[in-house]
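Quantities reported herein were computed from a predicted structural model and do not represent experimental measurements. Quick note on labels: first sequence line is chain A, next is B, and so on, each numbered from 1.
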Amino acid sequence: MRFSMLSQVFSQMFKKPFTNKFPAKYIPSSTTKFLEDVGAGRAKTIPPVETPPNFRGKIQYDKEKCIGCKLCIKVCPTEAIEYKEKEKKIKIYLARCCFCSQCNDVCPTNCLSMGNEFLLADTDKYSKDLIVE
Amino acid sequence: MNPEATTKTTYRLPIGPIHPALKEPVAFEFEIDGERIVDVDVSLGHIHRSIEWAGMRRNPIQNLYLAERICGICSYCHPMAFALAVERAAGIEVPERADYLRVIQAELERICSHLLWAGVAAHEIGFDSVLFLTWQIREKALDLTEYLTGNRVTKAITMIGGVRRDITKDMHPMIHETMNYFKDNFEKLRHVYLDDKTFKMRSQGVGILTKEDALKLCACGPTTRASGIKKDVRLDQPYFAFGDLDFDYVTPDVLTGEVNGDVYDRIIVRLLEVKQSIELIEQCLDQMPKGDIVSEPKIAKLLATLKKAKGEGIGRMEAPRGEVFHYVKLDGNEYPYCWKVRAPTYSNILPWMPMLRGEQIADIPIVAASTDPCMSCTNRVAIVDTDKKYELNKEELHRLSVEKTRRLMK
Amino acid sequence: MAKGLSKSFKKALWVYHCNTGSCNGCDIEIIAALCPRYDVERFGIKLVGSPRHADALLITGPVTRQMEKKVKRIYEQMPDPKAVICVGNCGNTGDVFYESYNLVGPIDNIIPVDVHVIGCPPRPEAIINAVAKAWVKLETLEAK
Amino acid sequence: MTKQLTPEEIVKSFKDEFKTKIKDTRIEKHIAGTKKNELIHIWMNVDRSVFKNVVKHLMTLEEYPHLAVTSGYDMGKTIKLVYHFSIYFGVRYREISLNITVELPKPNPTIETITDLIPGALITEQEKQEMLGIKVKGIPKDKRVFISDDFPKGIYPWRRDEAGPEKMIRNLHEVKK
C-alpha cells in the first residue's frame with residue numbers, strides 16, 4: 001500500500017477523540033472570571049486524568065507524630081527538608097522536593113505520606129502553599 | 001588568487017548546541033562539500049551536571065535518585081545499574097521475587113522508550129500524524145507505569161537490595177489489559193512503520209554502520225544489533241531474572257532475512273524489541289515466585305551496613321539505548337569513594353562519524369536520531385559562507401527534510 | 001511580563017521550548033502535552049522552532065555553565081510581550097543538582113521567571129495549569 | 001568464535017606471559033534469578049609498563065573486545081585507572097567482564113593510548129584527561145569533551161587534592177535576596 005497511514009487517518013475521524021479536555025474545552029474569554037465562577041460553583045471544570053491509588057503528589061506532614069529524629073533529612077536527595085531547632089519539627093520546600101517519597105519509607109513514626117495533588121504552579125517558588133510546615 | 005590555485009574547499013558547518021524541541025544540546029561540526037558531509041566532529045558537555053562528582057559527596061541511597069535523573073527517558077536503568085554495582089561491592093543478596101519485579105519494570109521502560117523514539121523518528125521525517133498515533137499508544141504505557149510506580153516518568157522504585165513496591169495479584173488484570181492493547185496495536189504500528197513507502201525511501205540505505213565499524217567503535221544497543229552483531233547484556237551476562245526467561249537476540253534478519261545496518265534496520269530492531277518486551281513481561285508475571293521484595297526493609301540498617309562496606313563492583317544493564325555501565329568503589333565511609341557512569345549514548349557517538357560521512361545535510365536529523373541518542377541536536381544551523389552568513393533554524397532544517405521527502409515522492 | 005498586551009496574545013500563545021541541560025524528563029512531558037491526550041493545541045498553544053516567533057518560553061533544566069550566555073540570548077531574541085514558564089524543579093531550585101561546579105544556578109538567577117511549575121517531572125496537566133496561571137497574570141497586566 | 005577459555009585459564013594465560021607484573025587477580029562469581037546462573041567478573045592489577053601488551057594479549061583472546069569505559073579515581077599519591085573490558089559476547093550466559101586496574105604516580109601521570117587497538121576508546125581517554133589531569137601519550141584528538149573551554153585550565157574535577165574544583169562549587173539553594 002502506498003500510504004499505509006491514510007487508513008489510520010480516516011479511521012481516526014470516526015472514533016471518539018482521545019483528548020481529555022482538562023480545564024475547559026477551549027480558552028474562556030477571561031480566565032480570572034472563569035476561575036472565580038468555578039470557585040463560586042457556577043462553572044464546572046473538567047477533571048484531569050484521575051491519579052492511581054498510591055500516586056506520589058504533594059507531600060503531607062502530620063506534625064504531632066513527628067519526633068524530630070532527622071532521619072528524613074539524612075536520606076532526602078535534594079536537601080528539601082529543613083529542621084526547625086526550637087520546636088523539633090521539619091519544614092519541607094516543595095520547590096526543592098523531587099517527589100521520591102524516600103522520606104516516607106525511612107520515617108520511624110511514618111508521619112509523612114504522599115498526597116495526590118499535583119497541580120502545583122505558582123509565581124513565587126517559596127510561596128506559602130508551596131512549603132509544607 | 002589565480003583560478004587554478006583555488007582548490008575546492010569544504011565549508012565548516014557548526015550545528016549549534018541549542019535545544020531543539022526534544023533533544024538535549026550537543027554541538028556538531030560538519031565539513032560539508034557541496035551537499036555531502038565529509039567529516040563530523042562532536043563536542044558534548046552542554047549537559048554536564050557533574051553527577052559523578054556530586055555522587056562522591058552523598059550516601060548511596062541519595063545517589064539512587066541522583067542516578068535516576070541522569071537521563072529522563074531511561075530513568076530506571078541508571079539507578080538499577082548503580083544498585084547492582086553497590087550490591088556486588090557490598091555483597092548484598094537480592095531475593096528472587098525482586099529479580100522478577102525488576103525485569104518487569106525494565107521491559108516496561110523499554111516499551112515506553114522505543115515508542116517515544118519511533119514517534120520522534122517519524123517527526124524527523126515530517127510525519128507528524130504518525131508521531132501523534134505512536135504517542136497516543138505510549139500514553140497507555142505511561143498510565144501503567146504510573147499505576148505501578150506512582151509517577152509517569154521518574155519511577156523511584158529501585159532500592160539497594162530489591163524493589164520498593166510489590167506487584168500484587170489485583171494489579172495483574174491492569175497489566176494484562178495493557179499488554180493486550182499493545183499486541184492489537186503492534187500490527188498497526190508495524191504496518192505504518194515498515195510498509196510505508198515514505199519511511200522506506202527515507203531510511204533504506206541511509207546512515208549505514210558496517211558490522212566491522214560497529215565492533216571497532218564498541219557501539220552498543222539496538223544500533224549494533226541493527227548491524228548484525230549479537231551484543232545484548234540481557235543475554236550475554238544475564239542479570240536479574242533474564243537467565244530464566246527464554247528469548248533470543250533481536251537482529252533485522254529475524255524479520256527481513258538480511259542485514260544492511262541502515263536506519264530502516266534500526267526501526268525493525270526497535271519494533272521487534274517492543275514485541276519481545278511484551279512477551280517477557282507476560283512470562284515474568286506467571287513465573288514470579290513468592291517471597292519478600294527487598295533484602296533489608298529498614299533503611300537505617302541498610303545505611304549502616306553500606307557505611308561499613310568495603311570493595312568495588314560493576315553494574316551492567318541493557319537500557320533501551322544500549323549497555324549502561326556503573327562502577328562503584330566503597331571504602332568504608334559514608335560516601336562512595338568513586339562512581340563512574342557510562343550512558344549508552346557515550347559509546348554511540350563515535351559511530352556517528354562513519355554513518356554521517358557521505359550523507360546529505362537534509363538527512364542529518366533522521367540519521368542522528370536513528371541511534372536514539374540521549375543527546376543529539378539539530379536545531380540551529382548557521383552555514384558560514386565566505387561572503388554572506390545566513391541561519392537555518394530547526395524550522396527550515398525540518399522543512400528541508402520534509403521537502404526531500406516530497407521530492408522523493410514525485 | 002510585558003506592557004501593551006493585545007487580546008490575541010492570549011488566544012494564540014506560541015511557545016518555544018528551551019532545554020538548558022535538563023534530564024529531558026520535563027521535555028517529554030511538554031511534548032506529551034502537545035500530543036493527542038492533552039492536546040494544548042485547542043488553546044492555540046503551538047511549539048515553534050525559533051525564539052523569534054515565540055510568546056512564551058518553556059524552560060527546563062538547571063542551567064549549565066555553557067548554556068548561560070545562550071539562555072540570555074534566547075531571552076533577548078524573544079519579541080517583547082513574553083512570558084517565561086520554568087517547568088520542573090530543576091529549573092526552580094536545581095532539584096537533585098543543588099551542588100555542582102558546572103551549574104550556574106536556578107533559572108531566575110539568569111532571566112526573570114513568571115510562573116514556576118513544581119514537579120519532577122510535572123504532569124502535562126500541571127503544565128496546562130501553569131499556562132492558565134500565566135493567563136491570569138497576563139490579565140492582571142491588561143487591567144492595569 | 002575463538003575457543004572460549006574458562007576464567008581460570010584466562011587468568012593463567014595472563015600470568016604466564018606477564019608473570020610478576022600482574023598482581024592480585026580475583027575472580028568473582030555472582031548469581032542471579034531462580035536458576036542461579038553465574039556472572040563472572042575478573043579483576044586484576046597491571047603494572048603501567050606492560051599495560052599496552054596486556055591489551056594486545058587480550059586482543060588475542062577476543063578479536064574485538066568491548067571496552068565499556070575507563071573509571072579513574074585519585075588515591076592521594078597515585079591515580080588509579082580501571083579499564084572495563086568484556087569478552088565472549090554473542091553467546092548466551094558466556095560473557096566475562098575483565099577489569100584491569102593501572103596505577104599512575106601523581107607526579108607524571110601518563111599512559112599510552114589504546115585507540116590504535118580499540119578506536120572506541122577515544123572519548124573515554126579524552127574524558128580521563130580533562131577529569132583527572134592524566135596525559136594519554138599518542139591520543140589522536142587531544143580536546144576537551146565534557147567540560148567547556150572557558151573552564152579554568154589547571155582544575156581537574158575528580159581530583160581530591162588542591163587541583164580539585166573546591167573553588168568552583170556553587171550551591172543552587174542560596175536564595176538570592
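In this structure, A/Q102 contributes its side chain and B/A156 its backbone to no donor-acceptor pair below 3.5 Å.
Options B/N63, B/L148, B/T149 differ in how many heavy-atom pairs under 4.5 Å they form with chain A, and the most are formed by B/T149. Ranked by heavy-atom pairs under 4.5 Å with chain A, the first of B/R58, B/K188, B/K155, B/R164 is B/R164.
Interface residues of residues 76-85 of chain A toward chain B, defined by a heavy-atom distance below 4.5 Å and sorted by number: A/C76, A/P77. Within residues 165-182 of chain B, the residues having any heavy atom under 4.5 Å from a heavy atom of chain A are, by residue number, B/R165. Contacts with chain B (heavy atom to heavy atom, under 4.5 Å) involve these residues of residues 50-68 of chain A, listed by number: A/P52, A/P53, A/N54, A/F55, A/R56. Residues of residues 104-119 of chain A placed with any heavy atom under 4.5 Å of a heavy atom in chain B are listed by number as A/D105, A/V106.
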Take B/R69 and A/C98 through the side-chain contact (heavy atoms from CB on, under 4.5 Å) test and state the conclusion after the steps. CA-CA 10 Å; B/R69 280 148 183 87; A/C98 73; 3.6 Å; yes
Quick one: do B/L133 and A/V9 satisfy side-chain contact (heavy atoms from CB on, under 4.5 Å)? Show the steps, please. CA-CA 9 Å; B/L133 170 73; A/V9 173; over 6 Å; no
Applying side-chain contact (heavy atoms from CB on, under 4.5 Å), run through A/C100 and B/E68 and close with a yes or a no. CA-CA 10 Å; A/C100 62; B/E68 201 169 45; 5.6 Å; no
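B/N59 touches chain A through its side chain: at least one heavy atom from C-beta onward sits under 4.5 Å away, while N, CA, C and O do not. When heavy atoms are compared at a cutoff of 4.5 Å, B/K200 does not approach chain A at all. B/L64 does not touch chain A: none of its heavy atoms, backbone or side chain, sits under 4.5 Å away.
In the displayed structure, B/K301 atom NZ is contacted under 6.0 Å by at most 12 heavy atoms of other residues, nucleotides or ligands. With a 6.0 Å radius and a threshold of 12 heavy atoms from other residues, nucleotides or ligands, B/K275 has its NZ atom at or below the threshold.
Nearest approach of A/I73 to B/Q62, heavy atoms of both residues: O-NE2, 4.3 Å.
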